[in-house]
Amino acid sequence: MSEDKLTPRSENFSEWYNELVLKAELADYSPVRGCMVVRPYGWTLWENIQQALDRRFKETGHVNAAFPLLIPMSFLEKEREHVEGFSPELAVVTHGGGEKLEEPLVVRPTSETIIGYMYSKWVKSWRDLPILINQWGNVVRWEMRTKLFLRTAEFYWQEGHTAHATEQEAREETLRMLNVYADFAINDGAVPVIRGIKSETEKFAGAVMSTTIEAMMGDTKALQSGTSHYLGQNFAKAFDIQFTNRNNELEYAYTTSWGLSTRFIGAIIMTHGDDKGLILPPRLAPIQVVIVPIYKNVEEKARVMEVTERIFAQLKDAGLRLKVDDREEVTPGYKYNDWEMRGVPLRMEIGPKDVEKNSVALARRDVPGKEGKTFVSQENIVETVRAMLETIQQALLARATAFRDANIHEPRDYEELKQVVQNGWAFSYWCESRECEAKVKEETKASTRCIPLEGQPSEPGRCIVCGAEAKRKVYFAKSY
RNA sequence: CGGGGUGUGGCGCAGCUGGCUAGCGCGCUUGCUUUGGGAGCAAGAGGUCGUCGGUUCGAAUCCGUCCACCCCGACCA
């Protein structure tokens, strides 16, 4: 239960986050270091995320499949950058059936290699392309420092893997899926994100180009919330994905991969949550409306429950996700706090006075206290609730966007950049050299987050670090 | 892996420079009264004090070891 108050966000953001995840019953620590147990409430949220994404994947022509958890060690070694990137964090299986294995198996940290191997078997002709497969699953990366949802040794995600006949098609696919992520994050998660390209040092191990949706958390740190990679022919060459093109020539395929994980739950928590707990966007919330019936005695209870059940049925039939909190052992006030901790976007109170007046009370989670409470007629309750949920959804996005924009700065010089990245993002010209990027990271802890696809100036400028000519601007920020 | 912190009923903690039968709040169980912003009273249940070792007549308390977790840094979605 959520009996105790949270550490205030402003006092210690990290502690606030940890307590919230536990008290809202999203997840719990597991007996294995770095792993987490996703509790039913957290998993239902994930299921809603899955549905929202899966629908979009299907609409863009993708199909789901499942590839194995275990991958031969040698597969990882076939792509040089890939193995260099992932070998430090691999979990390796050395024994099976009581015998030492001839070749160790790695627990997948991502599935490019085994999928590449399979694609080489399936692709012979340009007519076999494109292959547009997604998989929902779990992966393991042995992280040094873990945090529930944000970075766990095992996490749940989806990984899309596509193979194409041309570079242009693969590059289009990369951006198409980045746009799918952005659309999902903004419209369903109410998490404003910036689409952009990762620097060479920040890109995926083995990619030609990595793209990202970057979000700003409530402490102004950046969170990479989803990624889409153009892999060129790197994996095709490593796994021999070759096809005969229309000119009867043998050619390597062009591949992409893209993923979004349970980390996004962390993004939702840190984008919208407040000192009273979680705030969930209505489109993803496991429970969109909680109804709290209020009564003093059996007579009142009978009258109140009659209205409650009628309204519950109406909302249920309308397809809304809702719950009646009919617990007898706690008071209404307790229930308010309890559901606020869990982030339910809208609370409906039905008491004797409402029965008299044909009304109900609606309390918005995103507007605390009396300000967020209104009394509405029981007539047209479905429409009223729907409209209110939509208002909340939009308000969350607007608030998060305003917060983000207020904390993005355009420093005049390097000294000012060092200041602003301590509590916000810097948007600055950058010459795209590793040296300047490394210098900023070394001196400020802020890394380049992305070169945004939009909002680039038409004129070149001067690198904020070294003063050399720079074509594009980049975001610098501390990140998770 | 470096620095810091914490391990005492389910949860949060107190227990001082060595002492009595290990306490408090919350939660839990039962009963009655309550219920529009975290209810009240009464009676109960529940603990090898993280581990191993040492000092001592006597250790939750002192010393050492190990383990786990959290926070802050070096790698990463």
Side-chain angles (χ1 to χ4, degrees), chain A residues 1-5 7 12-19 22-23 28-34 84-90 109-110 138-159 181 198 201-205 210 212-215 222-229 257-267 276-277 292-298 300-301 304 325-341 347-355 359-361 363 368-370 372-373 375 441-442 445 447 478-480:
Chain A
M1 291 299 151
S2 51
E3 63 278 357
D4 297 313
K5 288 209 167 87
T7 297
N12 185 334
F13 195 83
S14 184
E15 244 174 72
W16 167 82
Y17 178 87
N18 288 335
E19 288 175 15
L22 297 177
K23 286 180 176 172
D28 204 348
Y29 294 102
S30 89
V32 178
R33 177 192 152 72
E84 283 174 7
F86 281 107
S87 56
E89 49 191 68
L90 292 179
T110 179
N138 55 338
V139 290
V140 169
R141 298 179 186 177
W142 216 261
E143 300 289 347
M144 293 193 219
R145 192 171 152 195
T146 60
K147 198 168 176 88
L148 294 171
F149 290 117
L150 295 180
R151 184 173 297 103
T152 45
E154 179 188 23
F155 59 88
Y156 302 88
W157 75 342
Q158 58 68 216
E159 46 179 324
Y181 287 152
K198 283 290 185 188
T201 52
E202 296 285 330
K203 77 176 187 193
F204 176 75
S210 286
T212 174
I213 50 170
E214 292 287 323
L223 183 75
Q224 177 174 315
S225 305
T227 49
S228 181
H229 314 291
S257 67
W258 26 275
L260 187 145
S261 74
T262 36
R263 170 181 267 194
F264 197 83
I265 292 176
K276 288 169 117 15
V292 179
I294 293 151
Y295 44 80
K296 287 190 178 66
N297 50 52
V298 286
E300 282 186 359
K301 180 181 177 183
V304 165
D325 188 349
D326 56 3
R327 285 179 290 178
E328 301 276 0
E329 64 273 19
V330 291
T331 61
Y334 181 93
K335 293 177 185 178
Y336 300 167
N337 288 284
D338 199 26
W339 293 111
E340 280 165 3
M341 179 68 75
R347 180 180 74 239
M348 181 183 294
E349 302 165 21
I350 305 176
K353 291 177 202 164
D354 296 304
V355 175
S359 65
V360 300
K370 278 186 184 165
K373 204 153 161 176
F375 295 88
K441 183 147 194 185
E442 170 72 24
K445 312 271 187 230
S447 54
K478 292 188 189 177
S479 71
Y480 279 98

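Spacing of C1' atoms, U17(B) relative to C63(B), comes out at 15 Å, to the nearest Å. To the nearest whole angstrom, the two P atoms, one in C24(B) and one in G15(B), are 15 Å apart. For the C1' atom pair drawn from C11(B) and G47(B), the interatomic distance equals 14 Å after rounding to whole Å. Between the P atoms of A22(B) and C16(B), the separation comes to 15 Å (whole Å). G31(B) and G10(B): their C1' atoms are spaced 23 Å apart (whole Å). G44(B) sits 24 Å from C49(B) when the C1' atoms are compared, rounded to a whole Å. C62(B) sits 44 Å from U30(B) when the C1' atoms are compared, rounded to a whole Å. The same atom, C1', is picked in G4(B) and in A14(B); the two are 23 Å apart, to the nearest Å.
Between C71(B) and Lys147(A), a contact under 4.0 Å exists linking OP1 or OP2 to a side-chain N or O. One finds no side-chain N or O of Asn297(A) lying less than 4.0 angstrom from the OP1 or OP2 phosphate oxygen of U35(B). Lys445(A) has a side-chain polar atom (N or O) that falls below the 4.0 Å cut-off from OP1 or OP2 of A74(B). When the side-chain nitrogen and oxygen atoms of Arg145(A) are compared with OP1 and OP2 of G73(B), one or more of them lie within a distance under 4.0 Å. At the phosphate of C72(B), OP1 or OP2 sits under 4.0 Å from a side-chain N or O atom of Ser14(A). Look at Tyr480(A) and you won't find any side-chain N or O under 4.0 angstrom from OP1 or OP2 of C76(B).
When each of Lys370(A) and Lys478(A) is assigned the nucleotide of RNA chain B bearing its nearest heavy atom, the one mapping closer to the 5' terminus is Lys370(A). Each of Val360(A) and Ala205(A) has a nearest nucleotide on RNA chain B; the 5'-most of these lies closest to Val360(A).
Taking atom CD of residue Glu19(A) and atom C1' of nucleotide C26(B), one finds them 15 Å apart after rounding to whole Å. Distance Glu329(A) CD to G38(B) C1': 14 Å, rounded to the nearest Å. We find that CG of Asn18(A) is positioned 8 Å from P of C70(B), with the value rounded to whole Å. For the pair Tyr29(A) OH and G50(B) C1', the interatomic distance rounds to 18 Å; values are reported in whole Å. In this structure, Lys441(A) places its NZ atom 7 Å from P of A74(B), rounding to the nearest Å.
Distance check, rounded to the nearest 0.5 Å: CZ of Phe204(A) to CZ of Phe86(A) gives 4.5 Å.
Met341(A) is not listed as a side-chain neighbour of Lys276(A), based on a closest heavy-atom distance of 4.5 Å or more.
The aromatic rings of Phe13(A) and Trp16(A) are tilted relative to each other, their planes meeting at an angle between 30° and 60°.
Nucleic acid contact class of Lys301(A) (heavy atoms, under 4.0 Å, all strands): none. Using a 4.0 Å heavy-atom criterion, one finds that Gly351(A) contacts the bases of the nucleic acid, with or without backbone contacts as well. In this structure, Gln224(A) reaches the sugar-phosphate backbone alone: every heavy-atom distance under 4.0 Å involves primed, P, OP1 or OP2 atoms, never a base. Base engagement by Leu150(A) is indicated by at least one non-hydrogen atom pair under 4.0 Å involving a base atom. Across all strands shown, Asn12(A) has no heavy atoms under 4.0 Å from either base or sugar-phosphate atoms. Heavy atoms of Thr152(A) sit under 4.0 angstrom from at least one base atom.
With hydrogens and angles ignored, no donor-acceptor pair under 3.5 angstrom links the side chain of Asp338(A) to the base of G38(B). In this model, a side-chain donor or acceptor of Glu340(A) finds a partner on the base of G37(B) within 3.5 Å.
For Lys296(A), whose side chain is taken as the heavy atoms from C-beta onward, the closest listed nucleotide among A39(B), A74(B), U35(B) is U35(B). Between G36(B), A39(B), C76(B), one nucleotide has an atom nearer to the side chain of Arg141(A) than all others, and that is C76(B). Considering only side-chain atoms of Arg151(A), the nucleotide from C69(B), G37(B), C76(B) that sits closest is C76(B).
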Give me, pair by pair, the N or O atoms of the protein and of nucleotides 4-8 of chain B that are less than 3.5 Å apart, along with how far apart they are.
none

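A donor-acceptor pair is defined here as one N or O able to donate and one able to accept, closer than 3.5 Å; such a pair exists between the side chain of Gln158(A) and the backbone of Leu260(A). Without hydrogens or angle criteria, Tyr336(A) side chain to Thr331(A) main chain gives no donor-acceptor distance under 3.5 Å.
Minimum heavy-atom separation, Glu349(A) to Asp354(A): O-OD2, 3.5 Å. Asp325(A) approaches Pro293(A) most closely through the heavy-atom pair O-CD, 3.3 Å. Here the closest non-hydrogen pair linking Ser210(A) and His229(A) is OG-ND1, 2.7 Å. The two residues Leu148(A) and Tyr17(A) make their nearest non-hydrogen contact at O-OH, 2.7 Å. Here the closest heavy-atom approach between residue Pro352(A) and residue Ile294(A) is recorded as CD-O, 3.2 Å.
A60(B): no Watson-Crick or G-U partner with both key distances under 3.5 Å is found in any strand. Using the Watson-Crick or G-U wobble rule with both distances under 3.5 Å, A43(B) pairs with U29(B).
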